[in-house]
Asks: 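Dropping the structure in here first, questions after.
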There are 2 protein chains.
Amino acid sequence: MSTDLPPAQGTPTLEDVARVAGVSRATVSRVINGIRNVAPEIQETVQQAIATTGYVPNRAARSLVTRRTGSVALVVSGAGGDAGGEPFESQVFADPFFGRVAGGAVAFLRPRGIHPVLMFAETAHARDQVIGYLRQGSADGALLVSTHGEDPLPRLIVEAGLPAVLWARPARPTPISYVDLSHRAGAELAADRLVARGCRRVATISGPFDVRASQDRLSGFQDAMARYGHPYIPGVEGNFTHDSGEAGMHRLLAEHPDIDGVFAANDLMAQGALLALRERGRVVPDDVAVIGFDDSSAATASRPQLTTVRQPVEDMAGEMARLLLAHIEDSDFQVTSVIFPPSLVVRQSA
Amino acid sequence: MSTDLPPAQGTPTLEDVARVAGVSRATVSRVINGIRNVAPEIQETVQQAIATTGYVPNRAARSLVTRRTGSVALVVSGAGGDAGGEPFESQVFADPFFGRVAGGAVAFLRPRGIHPVLMFAETAHARDQVIGYLRQGSADGALLVSTHGEDPLPRLIVEAGLPAVLWARPARPTPISYVDLSHRAGAELAADRLVARGCRRVATISGPFDVRASQDRLSGFQDAMARYGHPYIPGVEGNFTHDSGEAGMHRLLAEHPDIDGVFAANDLMAQGALLALRERGRVVPDDVAVIGFDDSSAATASRPQLTTVRQPVEDMAGEMARLLLAHIEDSDFQVTSVIFPPSLVVRQSA
DNA sequence: GCACGGACGGAGAGCGCTCTCCACCTCGTG
DNA sequence: CACGAGGTGGAGAGCGCTCTCCGTCCGTGC
């Protein structure tokens with residue numbers, strides 16, 4: 001029986017719904033959470049009461065007792081001290097990569113009613129803030145993307161016993177789950193393509209040597225070329241920027257004018273290389289074939305468009321989210337890693 | 001006196017701190033929140049107890065009583081129904097613009113201990129989810145970036161009486177605060193520059209006519225040129241993509257081969273125009289000067305680099321955050337709008 | 001016909017915090 | 001010297017929800 005009492009002022013609570021439906025708070029709670037059997041007709045009555053009152057459960061009250069917030073932190077983390085310089089937030093987002101990560105994570109989390117809280121951790125202070133945030137139960141766990149291998153945050157998180165999943169293997173061994181790409185396999189894909197095109201004198205523009213992924217891309221490429229009978233691959237070191245790619249290509253051409261293929265460790269550098277090649281009058285891909293890495297927006301903005309190694313970033317981010325939820329649900333969930341295979345996106349440059 | 005009792009298991013609570021410090025819960029709360037006078041020596045004792053217990057206030061418990069969460073939603077919103085198509089999340093982040101907005105908002109919010117929750121609202125269902133999220137008190141308000149003028153979300157938010165601030169003026173009048181750019185002033189800057197360079201036969205590649213900002217950029221440019229004695233400005237309509245800029249430029253050149261200046265409504269289209277011009281053998285900026293809009297990463301990736309109108313996106317996003325906090329603190333805060341002036345970033349293309 | 005078990009709804013105890021009283025103590029003042 | 005004002009700390013009532021008990025009721029089997 002619905003005893004129509006005057007509606008309470010303010011936002012309705014469970015109590016109000018219970019009164020309208022003529023049942024107890026507990027029953028309404030059961031209906032909402034779908035736990036245990038509640039007689040169908042009572043369920044119906046309760047649903048109706050919820051509709052008429054416009055009831056929405058209060059998140060804070062619920063988390064207080066369940067010890068779950070239904071949100072996770074998405075942390076972009078650097079390795080700096082408390083130095084100045086350009087605002088970290090703007091640097092981070094200059095790279096659409098983070099957007100893809102966010103998009104991939106959201107695609108997985110959203111259907112589950114979970115939303116990511118955006119955080120940055122580039123200074124010691126900011127790191128403490130992140131840890132504090134997690135410790136005070138504002139989020140159930142963290143998805144962590146480090147821009148630098150020496151990032152201390154993973155260790156701090158492990159020490160605090162907080163659930164978290166990393167993007168990419170941490171530089172120093174840490175008992176924490178992560179998702180990564182097989183950079184070596186990606187480099188092999190590039191080597192296969194260049195060789196298949198008939199390139200005989202290929203060179204590389206690598207990323208910084210102190211970045212793990214750079215090393216893997218370089219050595220993977222060298223090893224694959226060695227298997228094809230090319231033991232020596234000229235190379236220059238770039239720093240993942242457009243300009244370093246352009247400069248690197250000029251250097252390469254100066255020392256090895258007969259180059260007919262280039263593997264750049266990311267698209268930005270490949271784009272720079274394209275520019276240098278044009279300046280030197282080389283036609284891509286006829287004179288020199290170029291392959292990038294990442295399949296970023298630079299790949300399609302370049303002319304010719306870049307053939308490039310694609311990381312399934314969105315899928316990888318989704319997997320991070322999946323692992324994080326597993327860790328949150330089950331604190332005994334084993335620390336694990338998932339390595340994704342890259343694919344080659346063939347466009348015009350090779 | 002600190003009566004050293006055995007530490008409770010699990011995370012310490014106010015109660016635990018109080019026991020260790022030998023005071024009441026209320027006093028600890030006062031010290032933490034800095035309210036009313038507490039004798040300095042007791043403050044000291046309490047601080048020490050907090051340190052030794054490693055106490056962190058529980059967010060849920062606090063919000064339950066304060067009715068504040070200390071977080072805001074950052075909503076990227078479309079106008080679609082429940083149609084399929086490419087995942088909205090990936091589309092959104094293909095554009096680094098959203099990253100800049102997020103960065104600007106975070107720069108303002110973070111020092112205040114507030115973190116944004118990332119949400120998307122491209123379908124009716126997703127919109128309900130956002131409203132529900134806000135209504136259940138998961139966030140204190142929303143920063144809203146609509147990708148489409150007809151977005152129904154602003155209205156829904158107003159109806160629900162939730163604090164929110166929009167990016168850009170809503171298409172239909174809505175009593176809600178917003179931050180916008182003076183697109184007309186930006187177009188004038190471009191006109192001034194082209195005229196100052198001596199261009200006499202300028203044309204435009206505009207954005208879609210059904211987007212308010214496109215209209216303003218176009219009419220602002222036309223009006224400014226009219227003041228300079230150029231009553232007729234040829235133009236084509238693009239859709240803000242690289243390809244539409246390229247195609248548009250080809251059309252423009254076909255119909256008006258003597259063009260010596262182009263104003264494109266965004267950088268991506270300007271970049272496309274650059275490509276078309278090169279194909280037709282026109283030298284930029286000597287034969288044809290090109291000006292873009294947005295100062296996006298495309299502006300610096302192009303060769304020559306683009307002269308472009310810059311929106312102070314980060315500042316604008318920061319202002320959104322400021323307004324939102326004002327609305328949250330004071331529900332009587334007047335609905336307002338803040339219009340930012342653009343600036344011209346001169347590079348090589350004009 | 002009666003006991004027993006299972007299905008179902010209600011009562012009530014918290015979750016950890018804030019904040020309003022209220023009691024107390026110490027001054028200052030008439 | 002008494003009294004009031006003002007500064008300080010404590011007690012306790014919730015905030016809205018979940019979840020464990022527990023009681024009730026009905027159906028079933030011997």
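Residue numbers begin at 1 in each chain, while the letters A, B, ... track the order of the sequences.
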Asks: Rounded off to whole Å, could you give me the CZ-to-P distance for the Arg62(B) and dC17(D) pair?
Replies: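 Atom CZ in Arg62(B) sits about 21 Å away from atom P in dC17(D).
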
Asks: Thr66(A) side chain N/O closer than 4.0 Å to the phosphate oxygens (OP1, OP2) of dT18(D)?
Replies: no

Asks: Any Lys/Arg nitrogen of Glu329(A) or Arg112(A) sitting under 4.0 Å from an Asp/Glu carboxylate oxygen of the other?
Replies: no

Asks: Side chain of Ala39(A) only, heavy atoms from C-beta on: which candidate in dG9(C), dT18(C), dG10(D) is closest?
Replies: dG9(C)

Asks: Nearest whole angstrom, please: distance from the C1' of dC15(C) to the CZ of Arg59(B).
Replies: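 Atom CZ in Arg59(B) sits about 17 Å away from atom C1' in dC15(C).
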
Asks: Would you indicate, yes or no, if dG16(D) has its OP1 or OP2 atom less than 4.0 angstrom from a side-chain nitrogen or oxygen of Arg67(B)?
Replies: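 So the side-chain polar atoms of Arg67(B) do come within 4.0 Å of the phosphate oxygens OP1 or OP2 of dG16(D), strictly under.
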
Asks: Can you figure out which of dA11(C), dG16(D), dT18(C) approaches the side chain of Arg30(A) most closely?
Replies: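 For the Arg30(A) side chain, the nearest candidate turns out to be dA11(C).
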
Asks: Should the pair Glu159(A)-Arg155(A) be classified as a salt bridge under the 4.0 Å nitrogen-to-oxygen rule?
Replies: yes

Asks: Would you mind reading off the distance between Leu64(A) atom CG and dA13(C) atom C1', rounded to a whole angstrom?
Replies: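 About 13 Å, once rounded to whole Å.
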
Asks: If each of Arg25(A) and Ile42(A) is mapped to the nucleotide of DNA chain C with the nearest heavy atom, which maps nearer the 5' terminus, i.e. the 5' end?
Replies: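 Nearer the 5' end of the strand: Ile42(A).
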
Asks: Counting side-chain heavy atoms from C-beta on, which of dG9(D), dG14(C), dC17(C) comes nearest to Pro57(B)?
Replies: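 Looking only at heavy atoms from C-beta outward on Pro57(B), the closest nucleotide is dC17(C).
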
Asks: Expressed as a whole number of angstroms, how long is the span from Leu14(A):CG to dC15(C):P?
Replies: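 Value for this atom pair: 19 Å.
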
Asks: To the closest 0.5 Å, what do you measure between CG (Asn58(A)) and CD (Gln136(B))?
Replies: 8.0 Å

Asks: Between Ser24(A) and dG9(C), is there a side-chain N or O to OP1/OP2 distance below 4.0 Å?
Replies: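 Looking at the OP1 and OP2 atoms of dG9(C), neither is under 4.0 Å from any side-chain N or O of Ser24(A).
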
Asks: Has Asn58(B) got a side-chain N or O lying under 4.0 Å from the OP1 or OP2 atom of dC15(C)?
Replies: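 No.
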
Asks: CG of Asn33(A) versus C1' of dC19(D): gap in Å, rounded?
Replies: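 Value for this atom pair: 10 Å.
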
Asks: What's the CD1-C1' distance between Ile32(A) and dG16(D), to the nearest Å?
Replies: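 Going from CD1 in Ile32(A) over to C1' in dG16(D) covers 11 Å.
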
Asks: Among the candidates dC19(D), dG16(D), dC17(D), find the nucleotide nearest to the side-chain atoms of Ala26(A).
Replies: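 That would be dC19(D).
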
